[in-house]
Protein chains: 2
Amino acid sequence: MQQGRPPMEAHKAERAFEPDATPAQTNRSPDGRESYDERRNHILVVATDLIARVGYERASMREVAKAAGVSLAGLYHYFENKEKILFLVQFRTFSFLISSLREQLHGVSDPVEQLRVTVRTHVGHFAANMAALKVCSHELDSLTGDAYEETSRLRHEYYNIARGIVDRIFDTLAPDSPLDRHIAAMSLFGTLNWLYRWYDPKLSRSPSSVANQIVTQFLGGILNTDRAIQRARPDE
Amino acid sequence: MQQGRPPMEAHKAERAFEPDATPAQTNRSPDGRESYDERRNHILVVATDLIARVGYERASMREVAKAAGVSLAGLYHYFENKEKILFLVQFRTFSFLISSLREQLHGVSDPVEQLRVTVRTHVGHFAANMAALKVCSHELDSLTGDAYEETSRLRHEYYNIARGIVDRIFDTLAPDSPLDRHIAAMSLFGTLNWLYRWYDPKLSRSPSSVANQIVTQFLGGILNTDRAIQRARPDE
DNA sequence: GATTATACCGAACGCGCGTTCGAGCGATCA
DNA sequence: TGATCGCTCGAACGCGCGTTCGGTATAATC
């Protein structure tokens, strides 16, 4: 069996928090056995669920191993340590989110349409990967050192995309708005990152209808300050 | 020294998750020494800061004791266990938030003004107690059993106040709005509960201006769907 | 067939955790 | 003066944690 990645070379440097050179290529063996990548991804899925359910600190390696059907020591054949698991969950989720957002955004020039695409992508991705998105929203500070810097970089990249769209909406539709654009963008982010606390697409409305309402509220909120402002701050 | 509360009776039942009968009456002794309540509150403040900084699981009793200037064992003279500390932080914060909100709301009949008061109170309380509100936003699931039920009850009470105001705004200003009111309320909650991730009143704008913008955006978002909806969902 | 690398595991190590024990001390009260 | 009580602490207990060690079985390589 040749397709595995040598795990022992990991000691050679602290470049360990870079992503995989060959990420999850899912090369199944001729027989029915799982490949290294498949097994690794399976463990990652199980770990994501557990971390989402009980939190990173309470999710022990023993429980991850049990849930994944591997021995405790066997877990370390796939991940050099616990933090690496959390890092990979966040790294892959953010990376996928950013790249699919860029893909969806390609060719869309209307800023409002760009916002629609962005919120739709986020909510849709949340509905399809609730555990992973919860972990990304809730365990932001659980990483340390290089792993933290790396995911922090990705979060800012994600923020900058959204912030750029918000800026363009302001520029084209409400260039003289008195609203602080950073606050506006963070309000939107708050709404999106708080989804995991209440929204279950299996119990409630469809992702696209939730996304639509969020976009509608956001646009109304920044486009019609005149009418709202009279009611919102009569004194100041 | 007579004013302390007997700590040994705590064993008698599991009513331990009820609040104090005489909460923090700050009765200082004739001399300059701290009273039981003062010392207890001081520890609570220190613990709140630590939990806000490193999270509940990572905040060890040893570190709380060190930061508070008490021995590890001495800590247990004031709190029967670690969970009780987290419970008290959340219980007191939510209780204070709810009661001061009710107080501020008293005599205010205009729903829009009620919303203004609510958001102002929340943002103002956040700015004055950032650590406590961060703990309340971030450590919601760290409690278990009765302590969890109790704080969960308070959160719902808080939600219901806000939800009632949102409903009244819809009823009086946009009774035929197609927007889902639960989604609208949770969007607002998301914005407010996400504050701790980005807003620092020492570095950025004043609490009242942030509150004003949040209210403005929210009102515009639900009142002006007509204009926004054309841009937000051209197809559906 | 011998060698090497991979996949995997039982068992343990060492540490930090929440919690408890038992004692000391000063003030109060009989 | 002696007993009681509130407050404080050093020291320890037991447990669960992340991680590692030393090994075995299987498959690929020469």
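Letters go in sequence order (proteins before strands), and every chain restarts at 1.
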Please output the side-chain donor-acceptor pairs of residues 60-73 of chain A that fall under 3.5 Å, not counting sequence neighbours, one pair per line with the distance.
{"from": "A:Ser60", "atom 1": "OG", "to": "A:Glu63", "atom 2": "N", "distance (Å)": "3.2"}
{"from": "A:Ser71", "atom 1": "OG", "to": "A:Gly74", "atom 2": "N", "distance (Å)": "2.9"}

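- Using cut-offs of 30° and 60° for the angle between ring planes, the A:Tyr36 and A:His77 rings count as perpendicular.
- Across the protein-nucleic acid pair, A:Arg40 atom CZ and C:dT6 atom C1' stand 15 Å apart, rounded to whole Å.
- For B:Tyr56, there are no ring pair (Phe, Tyr, Trp, His ring centres under 6.0 Å) partners two or more places apart in sequence or in a different chain.
- Straight-line distance from the CG atom of A:Leu75 to the P atom of C:dT6: 19 Å, rounded to whole Å.
- Under the side-chain hydrogen bond (donor to acceptor under 3.5 Å, both in side chains) criterion, B:Thr93 pairs with no residue at all, not counting sequence neighbours.
- When distances run from any side-chain atom of A:Ala73 to the nucleotides C:dA7, C:dT19, C:dG10, the shortest one goes to C:dG10.
- The nearest whole Å value for the distance from the NE2 atom in A:His77 to the P atom in D:dG22 is 19 Å.
- Of the candidates C:dG18, D:dT8, D:dT19, the closest approach to any side-chain atom of B:Tyr78 belongs to D:dT8.
- With rounding to whole Å, B:Tyr76 atom OH is found 13 Å from C:dC21 atom P.
- Partners of B:Arg181 under the salt bridge (Lys or Arg N to Asp or Glu O under 4.0 Å) rule, at least two apart in sequence or in another chain, are B:Asp167, B:Asp171.
- Note: CG (B:Leu72) to C1' (C:dT19) measures 8 Å, nearest angstrom.
- At a non-hydrogen distance threshold of 4.0 Å, A:Arg62, A:Val70, A:Ser71 from residues 52-71 of chain A come into contact with DNA chain C.
- Between the P atom of D:dG18 and the CZ atom of A:Phe87 lies a distance of 19 Å, rounded to the nearest Å.
- You'll find that the side chain of B:Asn81 is closest to C:dT19, out of C:dA7, D:dG10, C:dT19.
- Looking at residues two or more places apart in sequence or on another chain, you find no side-chain hydrogen bond (donor to acceptor under 3.5 Å, both in side chains) involving B:Asp49.
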